[in-house]
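Each remark here refers to the structure printed beneath this line.
Just so you know, these numbers use all the heavy atoms, side chains as well, and skip hydrogens, waters and symmetry mates.
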Amino acid sequence: MRRVIAITLGIMASIGGFFDMGEIVMTAESGARFGFGHVWVVALGTLGIILYAEMAGRIAVLSRRPVFDIVRERLGARIGFMNLSASFLINVLTLVAEIAGLALAFELLSGIAYYLWVPVAVLLVFFIIWRVSFELMERSIGIVGLVMIVFAVAFWQLGPDWSDVATKIVRPEIPASETTALYWYFAIAIFGAAMTPYEVFFYSSGAVEERWSRQDLVTNRATAYIGFFVGGFLATSSIGVAALVLGPRGISVEDLSTITLGPASVLGRLGLAAIIVGLFASTTGAALEVTLATGYSAAQYFGWAWGKFVRPRDAARFHLVMIASLVVAGLLVVSSLDPIKVTELAVVFSAIGLPLTYLPVLVVANDRGYMGSQVNGRALNLVASAYLVVILAASLAAIPLMIWTKMGS
């Protein structure tokens, strides 16, 4: 029974973490502009994060070492430092998006401008990291994040023509108002949103902190396979709602509040209340994961003491990095930066930097010195290797497409 509860709660936590601000914004914008044209990308990204997270979790269980520790060992100090620098930039940009989303939830609840809530959001994230237990933090926020099922309910209530939806998914068309370059730019952004490295940094480090053993390999697989699958389902529902509500009305996602229009227009006040609660939970959970992942990666690279279970005075530099990242992200939110554009930057840069973390994980997952009999099987290796090709292609195409399309303009 203990294992069943652990698996169930782990699945719930992974759903709350998958559907973060980057995923919400990019799927809403994609649905509004391209209809169901990027559903296949969500499916591709969902399978990718399932493979990525499962391998990282399995490595953490068997080697008792988190992902970034292994990345530094495999890539060497110089390339590892480049990866650390890139990860810090991506994490800060992602944290800007999550803090802005959390502040938006407060605005929707109170009617007070979101930027005035930024200090509260920053302090809330830090307080939870500092005072709330790891287990309670992960599970409670993940469970509340399930309220995001409101997107699936709204999509169902819209009563789409399922045959027409299936046709548009299988044979996507680019609207006359858009270009092929824009279509592929959004495809890479959605792919990057699904496979954000911070999720794996947090996930593998959390497995080490919670001292997972071989018995938890089942929990790892269930969390990765089922949890992220349901997260992908919610992301697909977000595309569907935007395609049926925002697209026909010519509404583009120009500010964060636009993402609430779909569920609210279908389900009324109940839908609006659900999206506020879900937005609060998902952005808080993601902000916690990103902040911890930033501290984890820096501490693991430099060999500092780290861990949420370690007292702040015994891991001062680990906590200092997290505080610095929160302060920088908060200052950027209240500056003149557009949070939608920052969110887009974060997910595109995630796609650019993904090969530097995915490749070492794939290599170690095939190393019997670490994994013993738990190395990747042939079928898994074939799929994971094919994903490496896709990841490299997305990484190489991201910057040219970002420049060519002027960041999706």
### Message
I want to check something: taking the side chain as every heavy atom from C-beta on, are Leu279 and Met21 in contact at a cut-off of under 4.5 Å?
### Response
yes
#### Entry: Rounded distance (nearest 0.5 Å) linking atom CG of Leu93 with atom CD1 of Ile90
8.0 Å
### Task
With sequence neighbours excluded, tell me which residues meet side-chain contact (heavy atoms from CB on, under 4.5 Å) with Ala351.
Ile188
### Task
Using the salt bridge (charged side-chain N to carboxylate O under 4.0 Å, His left out) rule, collect all pairs that involve residues 30-52, keeping only residues at least two apart or in two chains.
Glu29-Arg33, Arg33-Glu178
### Query
Does any N or O in the side chain of Lys341 come within less than 3.5 Å of the main-chain N or O of Met407, such that one atom is a donor and the other an acceptor?
yes
### Message
Do Ser205 and Gln300 pair up side chain to side chain, a donor and an acceptor below 3.5 Å, judged on atom types alone?
### Response
yes
### Query
Are Glu289 and Glu98 side-chain neighbours, meaning at least one heavy-atom pair lies under 4.5 Å?
no
### Task
Check Thr46 against Gly232 and note the closest heavy-atom contact, atom names and distance.
OG1-CA, 3.4 Å
### Task
With rounding to the nearest 0.5 Å, note down the distance linking OG in Ser238 to CE in Met148.
8.5 Å
### Side chains of Ile49 and Val200 in contact at under 4.5 Å (non-hydrogen atoms)
yes
### Any donor-acceptor pair under 3.5 Å from Arg58 side chain to Gln374 backbone
yes
## Note on the structure
Those residues at least two apart in sequence (or on a different chain) that pass side-chain contact (heavy atoms from CB on, under 4.5 Å) with Leu123 are none
### Task
Please indicate whether Leu116 has more than 12 foreign heavy atoms, meaning atoms of other residues, nucleotides or ligands, lying under 6.0 Å from its CG.
yes
### Sub-4.5 Å side-chain heavy-atom contact between Thr291 and Leu288
no
#### Entry: Closest non-hydrogen atom pair between Ala105 and Ile276, with its separation
O-CG2, 3.9 Å
### Task
Not counting sequence neighbours, list each pair that qualifies as a side chain to side chain donor-acceptor pair (under 3.5 Å) and has a residue in residues 149-167.
Asp164-Lys168
### Listed partners of Arg311 passing salt bridge (Lys or Arg N to Asp or Glu O under 4.0 Å), at least two apart
Asp314
### Gap between atom OG1 of Thr283 and atom CG of Leu104 - 0.5 Å precision
8.5 Å
### Message
Counting the benzene-type ring for Trp, do Tyr114 and Phe106 have ring centres under 6.0 Å apart?
### Response
no
### Task
Indicate whether any N or O donor in one side chain lies under 3.5 Å from an N or O acceptor in the other, for Glu173 and Tyr183.
no
### Task
Look at the side chain of Ser335 and the backbone N and O of Leu332, then say whether any donor-acceptor pair between them is shorter than 3.5 Å.
yes
### Summary
Exactly one candidate in Phe88, Phe68, Tyr52 meets ring-ring contact (aromatic ring centres under 6.0 Å, His included) with Phe201; the answer is Phe68
### Query
Is the Phe302 ring parallel, tilted or perpendicular to the Trp304 ring (thresholds 30°, 60°)?
parallel
### Task
Apply salt bridge (Lys or Arg N to Asp or Glu O under 4.0 Å) to Asp338 and list each qualifying residue two or more places apart in sequence or on a separate chain.
none
### Nearest non-hydrogen partners of Ala181 and Trp404, listed with the distance
CB-CD1, 3.3 Å
### Message
Under 6.0 Å between ring centres: does that hold for Tyr387 and Tyr358?
### Response
no
### Nearest atoms (heavy-atom pairs only) where Ala32 meets Leu246
CB-CB, 3.8 Å
### Query
What residue among Asp20, Thr94, Thr294, Thr357 forms side chain to side chain donor-acceptor pair (under 3.5 Å) with Tyr198?
Asp20
### Task
Check whether any side-chain N or O of Asp367 sits under 3.5 Å from a backbone N or O of Val363 as a donor-acceptor pair, and report yes or no.
no
### Donor-acceptor contact below 3.5 Å, side chain His319 vs main chain Ala315
yes
### Message
Nearest 0.5 Å, please: how far is CG in Leu108 from CH2 in Trp117?
### Response
11.5 Å
#### Entry: Separation of Ile190 CD1 from Tyr185 OH (nearest 0.5 Å)
11.0 Å
### Task
Indicate yes or no: at least one non-hydrogen side-chain atom of Ile174 is less than 4.5 angstrom from one of Thr179.
no
### Atom pair CD (Glu209) and OG (Ser204), whose distance is rounded to the nearest 0.5 Å
10.5 Å
### Query
Taking everything shown except Phe229 itself, do over 12 heavy atoms lie less than 6.0 Å from its CZ?
no
### Task
Of all the heavy-atom pairs spanning Ala365 and Met55, show the shortest one and how long it is.
CB-SD, 3.8 Å
### Sub-4.5 Å side-chain heavy-atom contact between Thr223 and Tyr203
yes
### Side-chain heavy atoms of Val96 within contact of Pro339, under 4.5 Å
no
### Task
Would you indicate whether the side-chain heavy atoms of Leu217 and Trp212 approach each other to under 4.5 Å?
no
### Query
Of all heavy-atom pairs between Ser350 and Thr196, which one has the smallest distance, and what is that distance?
OG-CG2, 3.7 Å
#### Entry: Trp130 and Phe127 aromatic ring geometry - parallel, tilted or perpendicular at 30°/60° bounds
perpendicular
### Message
Side chains of Tyr301 and Asp69: any donor to acceptor distance under 3.5 Å?
### Response
no
### Message
Under a 3.5 Å cutoff, is there a donor and acceptor pairing between the side chains of Asn83 and Arg72?
### Response
no
